[in-house]
Amino acid sequence: MKKLIVKSQLPDRVTFDRQLANIGMELSPVIWQHERVYLPSDYRPAMNFPRLVMRTEVRTTEQPAIYSMYLKRHIEDSGVDWVNFTEVKNYTEATGIIHQLGFRKAAEVSRQRQELWLDDKTVIYLDKVEGLDGYFLKLEAELIDDEPIDLLRRDLFNILHILGQETFVMQTYFSLFSEQIQPYFLPEE
């Protein structure tokens, strides 16, 4: 599936929670996620290379962890992400397959995540990433085949505006461990 993703670092969690409450919205309970990010051995940034992600997710302590694998490929010229996802029954075998395909482990990312679904294709995530300061607001929207990308991007930027954000971040979480956060101002409406 194709997704459009925008993210912003929250300047103030309390103000954000108040803004959500004022418009009658509420985030889910906290979900714990741990991801191992794998890159092809010849990976180069900004070259449309895929990355594989093995995710462990715990929604409640009464239920077993869920293991899944994602293939993500960011297409630079359009800003669209191709995302394929499947649940994994045997984590060890899946990581063995990833290594046999020539991918190398590049990073591990742990986070506490809350989510809020706006409709059946658009979700807001609030992430507290271990090792990074503050909270991140991430919006993901699935692209329908005939939907104009620029229109959807504008809608996501408008949601960020409504939620009090002035900037957005294009970097992945795993790259933020080695790079300084590069904020970009949201476009004027």
Participant: Report yes if the side chains of Leu163 and Ile124 come closer than 4.5 Å at any heavy-atom pair, otherwise no.
Facilitator: yes
Participant: With a sphere of 6.0 Å drawn around CD of Glu130, does it hold more than 12 non-hydrogen atoms of other residues, nucleotides or ligands?
Facilitator: no
Participant: For Asp150, is there an ion pair with Arg154 - N to carboxylate O distance below 4.0 angstrom?
Facilitator: no
Participant: Before giving the answer on side chain to side chain contact (heavy atoms under 4.5 Å, CB included), spell out for Val6 and Leu186 the whole-Å C-alpha distance, their side-chain angles and the decisive distance to 0.1 Å.
Facilitator: CA-CA 10 Å; Val6 294; Leu186 293 172; over 6 Å; no
Participant: Taking the side chain as every heavy atom from C-beta outward, state whether Phe174 and Val53 have any pair of such atoms under 4.5 Å apart.
Facilitator: no
Participant: Work out which heavy atom in Ala94 is nearest to a heavy atom in Val88; give both atom names and the distance.
Facilitator: CB-CG1, 3.6 Å
Participant: Less than 4.5 Å apart, any side-chain heavy atom of Val129 and any of Leu176?
Facilitator: no
Participant: When hydrophobic residues are tied together by side-chain contacts of less than 4.5 Å, even through go-betweens, does Met170 share a cluster with Leu160?
Facilitator: yes
Participant: Going from NE2 on His34 to CZ on Arg55, what distance comes out if it is rounded to the nearest 0.5 angstrom?
Facilitator: 11.5 Å
Participant: If I compare all heavy atoms of His161 with all of Pro187, which pair ends up nearest, and what's the gap?
Facilitator: NE2-O, 3.3 Å
Participant: Walk me through it: do Leu126 and Leu10 pass the test side chain to side chain contact (heavy atoms under 4.5 Å, CB included)?
Facilitator: CA-CA 9 Å; Leu126 182 65; Leu10 282 183; 3.4 Å; yes
Participant: Taking atom CD of Glu57 as the centre, does the number of heavy atoms from other residues, nucleotides or ligands within less than 6.0 Å exceed 12?
Facilitator: yes
Participant: Testing the basics here: between Leu4 and Gly79, what is the closest heavy-atom pair and its distance to 0.1 Å?
Facilitator: CD1-O, 3.4 Å
Participant: Hey, quick one: are Ile75 and Ile5 part of the same hydrophobic cluster, counting side-chain heavy atoms closer than 4.5 Å, chains of contacts allowed?
Facilitator: no
Participant: Quick one: sort the Phe157 and Phe168 rings into parallel, tilted or perpendicular, breaks at 30° and 60°.
Facilitator: tilted
Participant: Run the salt-bridge test on Glu147 and Lys2 with the 4.0 Å N-O cut-off and return the result as yes or no.
Facilitator: no
Participant: Quick check for you: to the nearest 0.5 Å, what is the distance between Leu27 atom CG and Arg113 atom CZ?
Facilitator: 11.5 Å
Participant: Please round to the nearest 0.5 Å and tell me the distance separating atom OH of Tyr91 and atom OG of Ser68.
Facilitator: 9.5 Å
Participant: Any ion pair linking Arg36 and Glu108 (charged N to carboxylate O, less than 4.0 Å)?
Facilitator: yes
Participant: Search all heavy atoms of Pro40 against all heavy atoms of Pro50 and return the closest pair with its distance.
Facilitator: CD-O, 3.1 Å
Participant: Of all the heavy-atom pairs spanning Arg153 and Ser78, show the shortest one and how long it is.
Facilitator: NH2-O, 2.7 Å
Participant: With rounding to the nearest 0.5 angstrom, report the CD to CZ distance, Gln171 to Phe177.
Facilitator: 12.5 Å
Participant: When you measure from the side chain of Thr86 to the backbone N and O of Met69, does any donor-acceptor pair fall under 3.5 Å?
Facilitator: no
Participant: More than 12 non-hydrogen atoms from neighbouring residues, nucleotides or ligands closer than 6.0 Å to CD on Glu76, yes or no?
Facilitator: yes
Participant: Taking atom CG as the centre, does Asp119 end up with more than 12 heavy-atom neighbours from other residues, nucleotides or ligands that are less than 6.0 angstrom away?
Facilitator: yes
Participant: Between Arg111 and Ile31, is there a side-chain heavy-atom distance shorter than 4.5 Å?
Facilitator: no
Participant: Quick check on the hydrophobic clustering: are Leu116 and Phe16 connected, directly or via other members, by side-chain heavy-atom contacts under 4.5 Å?
Facilitator: yes
Participant: Backbone N or O of Glu115 within a donor-acceptor pair of the Ser28 side chain at under 3.5 Å?
Facilitator: yes
Participant: Within the distance-only criterion (no hydrogens, no angle test), does the side chain of Arg73 pair as donor or acceptor with the backbone N or O of Asn48 below 3.5 angstrom?
Facilitator: yes
Participant: CG of Leu156 to CG of Leu139: how many Å apart, nearest 0.5 Å?
Facilitator: 5.5 Å
Participant: Using the ring of Tyr70 (Phe, Tyr or Trp, six-membered ring only), decide whether Lys72 places NZ or CZ under 6.0 Å from its centre and within 45 degrees of its axis.
Facilitator: yes
Participant: Ring centroids only, cut at 6.0 angstrom: are Phe136 and Tyr173 within range, meaning strictly under it?
Facilitator: yes
Participant: Is it true that Leu143 and Val83 fall in one hydrophobic cluster, defined by side-chain heavy atoms closer than 4.5 Å?
Facilitator: no
Participant: Between the main-chain N or O of Asp133 and the side-chain N or O of Gln9, is there a donor-acceptor pair closer than 3.5 Å?
Facilitator: yes
Participant: Checking Glu87 side chain against Ile66 main chain: does a donor-acceptor pair fall under 3.5 Å?
Facilitator: no
Participant: Any salt bridge linking Glu140 with Lys138? Criterion: basic side-chain nitrogen under 4.0 Å from a carboxylate oxygen.
Facilitator: yes
Participant: Taking all non-hydrogen atoms of both residues, which atom of Val37 and which atom of Arg51 are closest, and how far apart?
Facilitator: CG1-CD, 4.2 Å
Participant: Are any non-hydrogen side-chain atoms of Ile159 and Leu118 less than 4.5 angstrom apart?
Facilitator: yes
Participant: Determine whether Ile181 and Leu132 make a side-chain contact, defined as any pair of heavy atoms from C-beta on separated by less than 4.5 Å.
Facilitator: no
Participant: Hey, are the side chains of Asn90 and Tyr67 touching, using non-hydrogen atoms and a 4.5 Å cut-off?
Facilitator: no
Participant: Could you check Arg104 against Leu39 for side chain to side chain contact (heavy atoms under 4.5 Å, CB included), going step by step and ending with a plain yes or no?
Facilitator: CA-CA 5 Å; Arg104 62 179 169 78; Leu39 301 175; 4.2 Å; yes
Participant: Evaluate the side-chain proximity of Lys7 to Tyr125: yes if any heavy-atom separation is below 4.5 Å, no if none is.
Facilitator: no
Participant: Donor-acceptor pair, distance only, cut-off 3.5 Å: does the side chain of His99 make one with the backbone of Lys105?
Facilitator: no
Participant: Would you give the length of the straight line joining atom CH2 of Trp82 to atom CG of Asn84, rounded to the nearest 0.5 angstrom?
Facilitator: 8.5 Å
Participant: Under a 4.5 Å side-chain heavy-atom rule over Ile, Leu, Val, Met, Phe, Trp and Tyr, are Tyr38 and Leu71 clustered together?
Facilitator: yes
